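It should be emphasised that the depicted structure is a prediction, and the values quoted were computed from it without experimental measurement.
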Amino acid sequence: SDFKWWMLRLGLPVIVALVASLLIAMIFIPLAATKVVSKKEVKESRIITRTNGWYQKALRWSLSHPVHTFVILLFVIASMQFAAGNAKYADDSDGNINDIRLFFDLPDNYAVEDTEKLFDEVEDTVYTKRETYGLRTINSRFSHNWGQMRIFLNPPPKKDWYEVAYDNLMKKFGVLPDGVMDRADVIEDLKKRLPKYPGVEIRTHWGRGSDGQDSSVEIVLYGDDTGTLTMLVKEVERRLRNIEEIVSLETDREKGSDEIHLYIKRDQAKKYGISPTTISGTVQYALRGIPLPKYHTPDKEIDVHIQLQESDRQNLSQLKNLTFFTNQGKEVPLDAVASFKIQKGLGNIQRENSKTYLAVKANTTSDNIKAVHSKIDAAMAGFAMPYGYAWGKGRGFNRMQERNDSVMFAMILSVTFLFLIMGVLFESFVLPLSIIFAIPFSLVGAFWIMYLTGTPIDFMSQLGFII
């Protein structure tokens, strides 16, 4: 796992450094103290003297007012809970990404000239704020009914942690660091400024993760029937569109191409004596074809495939005019016993644990994934599903939960081993308790710094807490 990999790379150097410092403190420093002797009197710094005085006063007051001290400590712990609960939490899926992709779904009646004009207008909209966006270049590709625009931004300058903290504080007051928006703010601004065109859907999409995940959050619907899942997905999309942080939605059913759906009129088919099996089989033979037994010659075997000629299966009218014989021997067209509907099909049908599933992928610019998940829970509250159907938050959410559990286990394990090591060094298991009880208070400052500076708590932050 990622946690094991990082702990191995970061933990081992820390362990080696601690062991080395322990050897130096126990062997070399006492030896050096016996050899290096200075007759010069060293005066203690005023700052250290004053600090020691303040510390002694605080210690005396705490010992003489134990109840008040206990209440203050409870308040400090409670404040840590507030900071931890309101801090931002990220899922580390951004990576080193500095481009934005816009996908365009256009009506089929668009000509290439119409698409080119639309792309010119969108590019002009982006170029008008070139300096504020830190725009580098734009790459566009399109056909008459589909297009993609890739917006490349200048890479942000590398900054130290305190510079990042300062920038986050300035953003809270509406001040742009360096006068340039970051990538998330650019996406939010584009969402408001992009022109609206009838029948045109513009989706914001970007690759986000080393494991192929391409969205920030995901809702996965599980069930037996793909058609039922498709209807449920529409309701999920309606609920998620009300969440402000979600920029765009993408579903598995949008990845497919247009399909002709054929619905048999059962009353008419029964009237003419034509079975649904005959209808489906004839359509399959005519359009897709079917292999027949091989034709054997004295020299070789020849594959035989039966199918209508390409000129007889080019449009919907030809499909409607396929004929069937009634029980009276008369011919009737397919249009008389079936209805037709053109709609977008699924890109592919996916299964997990013997269940079909459809995913709704939501792109968000928010760096507080925990808050987004909370709003998704609120939006999905009361979502009634048929028996045997369920929904979840996808593999990304499960992976984040597993990682948090691993971090918590590592925290408990590190405290346990710290207690055992100090017990061996101090030759007492009572003295280390004073240090163990002080560990939660060391997290107070960490959570408050993350909360006040608006810095998201991600996987690397959690590793820092442990180390």
Check whether more than 12 heavy atoms from other residues, nucleotides or ligands sit under 6.0 Å from atom [atom1] of [X], and answer yes or no.
| X | atom1 | value |
| --- | --- | --- |
| Asp267 | CG | no |
| Lys265 | NZ | yes |
| Lys271 | NZ | no |
| Phe383 | CZ | yes |
| Glu235 | CD | yes |
| Tyr263 | OH | yes |
| Arg130 | CZ | yes |
| Glu301 | CD | yes |

To the nearest 0.5 Å, how far apart are [atom1] in [X] and [atom2] in [Y]?
| X | Y | atom1 | atom2 | result |
| --- | --- | --- | --- | --- |
| Asn321 | Leu316 | CG | CG | 9.5 Å |
| Arg239 | Lys234 | CZ | NZ | 16.0 Å |
| Lys88 | Ile457 | NZ | CD1 | 11.5 Å |
| Leu308 | Leu319 | CG | CG | 9.5 Å |
| Lys192 | Ile187 | NZ | CD1 | 13.0 Å |
| Phe324 | Leu322 | CZ | CG | 6.0 Å |

Could you check Asp185 against Asp182 for side-chain contact (heavy atoms from CB on, under 4.5 Å), going step by step and ending with a plain yes or no?
CA-CA 5 Å; Asp185 293 334; Asp182 60 21; 3.0 Å; yes
Taking C-beta and beyond as the side chain, do [X] and [Y] meet within less than 4.5 Å on heavy atoms?
| X | Y | value |
| --- | --- | --- |
| Thr356 | Tyr222 | no |
| Tyr295 | Thr297 | yes |
| Ile246 | Arg241 | no |
| Leu118 | Thr115 | no |
| Val360 | Glu218 | no |
| Val304 | Pro291 | no |
| Lys361 | Val217 | no |
| Leu194 | Leu102 | yes |

Run the salt bridge (charged side-chain N to carboxylate O under 4.0 Å, His left out) test against Arg150 and tell me which residues pass, sequence neighbours left out.
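Arg150 satisfies salt bridge (charged side-chain N to carboxylate O under 4.0 Å, His left out) with Asp99 only.
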Does [Y] offer a backbone N or O that forms a donor-acceptor pair with the side chain of [X] under 3.5 Å?
| X | Y | result |
| --- | --- | --- |
| Ser280 | Pro276 | yes |
| Gln318 | Ser311 | yes |
| Tyr451 | Gly85 | no |
| Thr132 | Lys129 | no |
| Thr228 | Asp224 | no |
| Glu201 | Leu106 | no |

Check the pair Ser79, Ile77 against side-chain contact (heavy atoms from CB on, under 4.5 Å), reporting the backbone distance first and the verdict last.
CA-CA 5 Å; Ser79 72; Ile77 295 296; over 6 Å; no
Residues Arg183, Ile100; criterion side-chain contact (heavy atoms from CB on, under 4.5 Å); working and verdict
CA-CA 8 Å; Arg183 181 174 173 276; Ile100 302 167; 4.3 Å; yes
Looking only at the side chains, is there a donor atom on one of Gln462 and Asn404 sitting less than 3.5 Å from an acceptor on the other?
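Yes, side-chain donor-acceptor contact under 3.5 Å.
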May I ask you to check whether Glu123 and Ser140 show a side-chain donor-acceptor distance below 3.5 Å?
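Judged by distance alone, the side chains do pair up.
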Indicate, with yes or no, if the rings of His373 and Phe397 have centres closer together than 6.0 Å.
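Between Phe397 and His373, which both carry aromatic rings, the centre distance is below 6.0 Å.
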Using the benzene-type ring in the case of Trp, are the ring centres of Phe325 and Tyr272 under 6.0 Å apart?
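No - the distance between ring centres of Phe325 and Tyr272 does not fall below the 6.0 Å cut-off.
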Would you name the heavy atoms of [X] and [Y] that are closest together and state the gap between them?
| X | Y | result |
| --- | --- | --- |
| Tyr197 | Glu121 | OH-OE1, 2.5 Å |
| Thr125 | Arg193 | O-NH2, 3.0 Å |
| Pro456 | Ser461 | O-OG, 3.8 Å |
| Leu135 | Phe152 | CD1-O, 3.4 Å |
| Pro198 | Pro107 | O-CG, 4.4 Å |
| Lys191 | Lys196 | O-NZ, 4.0 Å |

Name the one of Ile279, Thr282, Ile274, Ile264 that satisfies side-chain contact (heavy atoms from CB on, under 4.5 Å) with Leu334?
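For Leu334, the side-chain contact (heavy atoms from CB on, under 4.5 Å) check succeeds only for Ile279.
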Phe82/Phe447 under ring-ring contact (aromatic ring centres under 6.0 Å, His included): CA gap, chis, key distance, verdict:
CA-CA 9 Å; Phe82 171 82; Phe447 280 114; over 10 Å; no
Would you please test Phe419 and Ile436 for side-chain contact (heavy atoms from CB on, under 4.5 Å) and show each step?
CA-CA 7 Å; Phe419 176 75; Ile436 296 298; 3.8 Å; yes
Which pairs count as ring pair (Phe, Tyr, Trp, His ring centres under 6.0 Å) when at least one residue sits in residues 113-139, sequence neighbours excluded?
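Passing the test, one end in residues 113-139: Phe104-Phe119, Phe119-Phe142.
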